[in-house]
Each structure stands twice: as C-alpha cells, then as structure tokens.
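Beneath this line is the structure, given in structure tokens, with notes to follow.
Side chains are part of it too, since the values below use all heavy atoms of this structure and drop only hydrogens, waters and symmetry mates. Order of appearance sets the numbers: ligands from 1, and atoms from 1 within every ligand.
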Amino acid sequence: MKLVIVGTGYVGLISGLCFAEFGFQTVCVDKDNDRINSLKKGECSFYEPGLENLLNKHLKETKLLSLNSSLSEAMTDANIVFITVGTPTKRLEGEADLTAVYKVADEIANNIKSYCIIVTKSTVPVGTTSEIKKIIAKKVNNEKFDTVSNPEFLREGSAIGDFMRPDRVVIGCDSDKAEKLMRELYRPLYLLETPIVSTSIESAEIIKYASNSFLATKIAFINQVADLCEAVGGNVQDVAKAMGFDKRIGSKFLHAGPGFGGSCFPKDVKAFISTAKKFNVDLSIIDSVNVSNKKRPQEITSKIFKHFNNDIKGKIFSILGLSFKPDTDDVRDSTSIIIAEILYKKGAIIKAYDPKAMENAKVVLPNIHYSDSVMESCIGADSIIIATEWNEFRALNFKKLKEQMNNPIIFDLRNIYNKDELTNLKFVYYGIGK
Ligand code: NAD
C-alpha cells in the first residue's frame with residue numbers, strides 16, 4: 001500500500017513517519033520547498049521529541065519515507081492520500097479557513113489516475129469532506145475515488161507516542177471498499193487492541209470538535225473553580241484531586257492555569273461555535289468556555305499588577321516558558337506570549353527564557369529580551385513568572401535565583417511548586433487557586 005500525505009506540519013510529518021514505522025511506503029508532500037529541502041537533509045522545522053530520529057531512520061535506513069514538493073509526482077500509484085494542511089481561524093469570523101484544504105482537494109483531483117481514497121485528517125467542520133467529494137467529482141469519475149474522514153488526536157509534545165498508541169481511531173466513511181482499506185492501514189493498532197470506531201463521515205468530523213471542546217470545557221471549568229478557591233481560601237489542587245478520583249470525572253485536564261492555548265483548542269472551540277450558529281443550534285456552553293478563556297490572561301495579569309500596586313512600569317519580569325505547553329516549540333495562541341505582551345505594553349521589562357521556543361517567540365514578540373538560561377533571565381528581576389511547565393523549571397534552585405533577583409516574587413501559573421516551601425525561602429508566592 002502506498003500513502004501520500006499532503007502537508008508536513010505537526011500532523012502530516014508525524015502521521016507520515018508513523019505510517020512508515022508501521023511499514024508502509026509513504027510520501028510526504030509540502031508546497032513549502034524550503035521545508036521539504038530541510039526534511040530531505042534530516043532536519044525538522046519544528047521541535048517534537050523523537051521526531052528527528054524517526055525522520056532519519058525512515059529517510060536513510062528503511063527508505064520507507066520520501067519527500068516531494070510535487071503532488072503529481074507523489075501521487076503516482078497512491079492508494080490513500082491524506083490531507084493534513086492547516087485550518088486556521090478566519091480573521092474576525094471564528095470559522096475555520098478551509099482555503100488550503102479545498103485547494104489541495106482540487107490539486108488531488110487533477111492527479112487521480114487509478115482508484116484511491118482521499119482522507120481528511122485536518123480538523124474540518126462537518127460537511128467539509130462532503131464538499132471535498134464534490135470538488136473531486138467535478139474532475140474524476142465517482143468509481144475512481146472515495147472520501148473518508150479520519151480526524152487526528154495527537155498532542156504536540158507527545159505526538160509520536162499518541163499516534164502509535166492512540167485511545168481510539170475514528171474512521172468516518174460511506175463506502176465498504178474504503179473502510180476495508182482504512183482498517184488494513186490501521187491493522188497494526190488494531191492488533192494492539194486500539195478501538196477502531198467506524199462512523200458516518202459527518203459524525204467523524206463532529207467527534208474531533210466535540211472532543212477538543214469537551215477538554216477545553218474541563219480546563220475553563222477548573223479555572224473558574226480556581227477563582228472561587230482563591231476568593232474563599234480553598235485550594236484548587238486539592239479540589240481537582242478529589243474530583244478526579246470520581247471515575248465519571250477523571251483527573252485529566254483539571255489543572256488550573258492561565259487558560260488554554262495552542263494551535264488547536266482556541267481555534268477548534270471557535271470553529272465549533274461557528275458551525276452551531278450556521279445550523280442555528282444552541283452551543284452556548286462552548287460559547288461561555290470561549291469567552292471565559294479569552295478573559296483569562298487579562299485576569300491573571302490583573303492579579304500580577306495588584307501585587308505591584310498597579311504600577312509595573314520599569315519592573316523586570318523573568319518569564320519562564322513561552323511555548324503553549326512543554327516539549328514543543330509551538331507558540332501559536334500561547335498564553336505565555338499573551339501575558340508577556342500585556343505586561344510589556346504596560347511598561348514592564350520582559351526577560352524570557354524557554355528551552356525550545358525562543359526562535360518562534362521572537363517572530364511574534366520581537367521587543368522583549370531573550371535569555372540563554374533561567375539564571376540569566378532572573379538577573380535583576382522583580383518577579384519570576386512560570387508560564388509553561390517545562391521539566392527544566394520543576395526543580396529550580398531558588399536560593400541561587402533569589403541572589404540574582406531584585407525582588408523575590410514568584411507567580412507560579414502552572415502550580416508546580418509548593419507555597420510553603422517558597423514562603424520558607426522568603427519568596428512571595430502566588431499560585432493559581434490556592
Ligand atoms: P501546520 O501549520 O503545522 O502544517 C501545515 C502544512 O501544510 C505546512 O507545512 C504547509 O506548508 C502545508 N501546506 C499548506 N498548503 C499546502 C498545499 N496546497 N500543498 C501542500 N502543502 C501545503 O499544521 P498542523 O499543526 O500540522 O495542523 C494541520 C491540521 O491538523 C489542522 O487542521 C489542525 O487543526 C489539525 N490537528 C493539529 C494537531 C496539532 O497538534 N498540531 C493535532 C490534531 C489535529
């Protein structure tokens with residue numbers, strides 16, 4: 001079986017490499033020539049643990065992976081073609097921008113020679129795969145192709161493990177022939193007892209948005225509970241822990257923090273709301289999640305201002321962590337970046353450090369200082385803000401850091417430290433919801 005993956009971003013490249021790991025001949029295609037050329041040299045344009053090793057293995061040793069910037073060359077003898085291009089939020093409107101998806105669908109249509117399956121792996125609103133079918137059917141006979149929705153659930157930072165050991169695989173399909181081939185593709189996971197869920201195309205598309213929106217709801221919920229804990233003297237970590245023991249609730253995604261960010265949750269929540277509006281359906285729960293999360297960074301920074309009597313002009317903040325989560329260099333919709341921006345605009349001096357994301361951060365936040373280490377970022381600081389919970393920040397030597405600082409205040413926005421320990425070291429400590 002020969003696979004073609006269109007788009008070599010997080011989802012495309014990781015899917016391509018993991019399918020190669022299953023033993024399939026895979027071609028990854030991208031319109032970005034520079035990206036393809038770097039990949040051919042074994043270099044990735046983004047950081048993901050284990051990715052470069054896997055790339056070099058399948059590029060140079062097994063030779064199961066090849067890279068191409070020409071879709072027509074790549075599609076020769078293809079059995080399954082995956083669309084994994086980006087679906088960002090349309091400016092101002094909230095809905096998903098499907099320009100790249102439809103463009104790729106049209107390009108695929110120009111290159112279908114024998115029967116193949118076109119799979120939407122990009123996160124797309126319900127109805128998109130059916131639209132793709134129409135686009136292709138304008139140029140290709142119906143017997144020569146089928147369309148499938150196969151949403152991806154991997155998480156940046158643990159993407160390879162997630163792809164190789166997913167909680168489930170969803171196959172949205174209306175053709176027995178296509179479903180048989182898709183099940184053959186995922187047979188290595190089926191043998192590991194991964195649930196393979198077959199649904200209609202529409203259900204598969206909704207499953208992805210409903211899953212991300214539900215997880216986002218858990219985060220927004222616990223953040224509001226954290227506010228209540230702060231107001232009344234509770235501790236949100238104790239509350240979340242006890243809640244999490246209830247199997248109906250579960251302990252995951254109950255970590256209070258500065259709000260959800262990243263390339264998926266914020267845009268998927270907005271796109272889900274936009275779809276509901278289009279079909280005149282009440283999705284007000286998700287609407288509130290979006291509203292409360294949008295306010296979150298502003299609310300957090302207000303608490304920081306309060307510690308400085310609302311005057312942070314000239315104060316130096318050491319921000320630790322810029323990526324939206326640990327183990328990735330992705331800063332798309334990162335709350336750390338939003339918080340740094342708010343503080344900077346209010347006249348603060350920002351010294352930031354991140355183990356992997358500083359190059360990407362410099363593009364969106366060019367005016368702040370970037371440090372080579374935690375220690376350097378703390379020199380002269382009036383406060384440390386732990387914004388992303390990288391492992392490197394979990395065992396900081398606060399005694400040494402305090403010697404470098406002007407003012408020992410710590411805002412632990414990821415609740416990774418114990419208040420008493422830091423108070424004993426004569427730090428002023430603020431944790432979320434405690
Ligand atoms: P990305 O922005 O990292 O990568 C998209 C790639 O597609 C880029 O390399 C771009 O050059 C390429 N591309 C765009 N138009 C093209 C064209 N016409 N031909 C060839 N290549 C083209 O995107 P991503 O983060 O991998 O996300 C892709 C999709 O997967 C999105 O819909 C996203 O919501 C979804 N998704 C992402 C994640 C994640 O963690 N990033 C997880 C699950 C699902």
Side-chain angles (χ1 to χ4, degrees), residues 4-18 27-39 44-49 51 67-75 81-90 95-111 118-126 128-129 132 135 149-163 166-170 204-205 207-209 211-213 215-216 260-272 323-334 360:
V4 173
I5 318 273
V6 190
T8 60
Y10 288 86
V11 168
L13 187 59
I14 284 149
S15 306
L17 284 167
C18 291
V27 190
C28 282
V29 178
D30 207 291
K31 62 167 189 178
D32 182 340
N33 257 320
D34 292 344
R35 191 168 268 213
I36 289 293
N37 287 334
S38 306
L39 287 170
C44 297
S45 51
F46 55 88
Y47 172 73
E48 179 65 35
L51 189 59
L67 297 147
N68 209 320
S69 45
S70 156
L71 182 62
S72 69
E73 274 177 35
M75 272 191 61
V81 184
F82 289 86
I83 301 176
T84 67
V85 296
T87 50
T89 303
K90 261 191 197 170
E95 68 185 91
D97 184 344
L98 299 171
T99 314
V101 170
Y102 290 146
K103 190 163 180 286
V104 169
D106 189 57
E107 285 170 33
I108 290 171
N110 292 335
N111 291 290
I118 317 306
V119 181
T120 330
K121 213 177 224 326
S122 295
T123 303
V124 294
V126 60
T128 305
T129 307
I132 289 172
I135 290 171
S149 165
N150 171 220
E152 183 49 57
F153 299 95
L154 61 78
R155 296 161 298 173
E156 288 175 27
S158 53
I160 296 169
D162 288 348
F163 195 96
D167 290 335
R168 77 306 209 183
V169 169
V170 174
E205 290 172 330
I207 286 165
K208 173 66 192 179
Y209 282 105
S211 301
N212 274 3
S213 298
L215 294 172
F260 56 79
S263 67
C264 292
F265 281 13
K267 85 167 172 66
D268 291 352
V269 159
K270 282 184 222 144
F272 205 31
S323 54
F324 81 94
K325 65 186 285 196
D327 291 320
T328 179
D329 60 358
D330 198 342
V331 298
R332 289 180 280 184
D333 276 333
S334 164
N360 287 341

Check ring-ring contact (aromatic ring centres under 6.0 Å, His included) between Tyr10 and all other residues, then give those that pass, not counting sequence neighbours.
-> Phe46
Tell me which donor-acceptor pairs under 3.5 Å the side chains of residues 99-106 have, and how far apart each pair is, sequence neighbours excluded?
| residue | atom | partner | partner atom | Å |
| --- | --- | --- | --- | --- |
| Thr99 | OG1 | Asp97 | OD1 | 2.4 |
| Lys103 | NZ | Glu107 | OE2 | 3.2 |
| Asp106 | OD1 | Lys139 | NZ | 2.8 |
| Asp106 | OD2 | Lys139 | NZ | 3.4 |

Taking only residues two or more places apart in sequence or in another chain, which ones pass ring-ring contact (aromatic ring centres under 6.0 Å, His included) with Phe163?
-> Phe19
Relative to each other, are the rings of Phe272 and Tyr209 parallel, tilted or perpendicular (30° and 60° limits)?
-> parallel
Say you draw a straight line from NZ of Lys121 to OG1 of Thr84; how long is it, rounded to the nearest 0.5 Å?
-> 9.0 Å
Sorted by chain and residue number, the residues having a heavy atom closer than 4.0 Å to an atom of ligand 1 are Val6, Gly7, Thr8, Gly9, Tyr10, Val11, Asp30, Lys31, Asp32, Arg35, Thr84, Val85, Gly86, Thr87, Val104, Glu107, Ser122, Thr123, Glu152, Leu154, Glu156, Lys208, Ser263, Cys264, Lys267, Arg332
Thr129-Ser149 side chain donor-acceptor pair, cut-off 3.5 Å = no
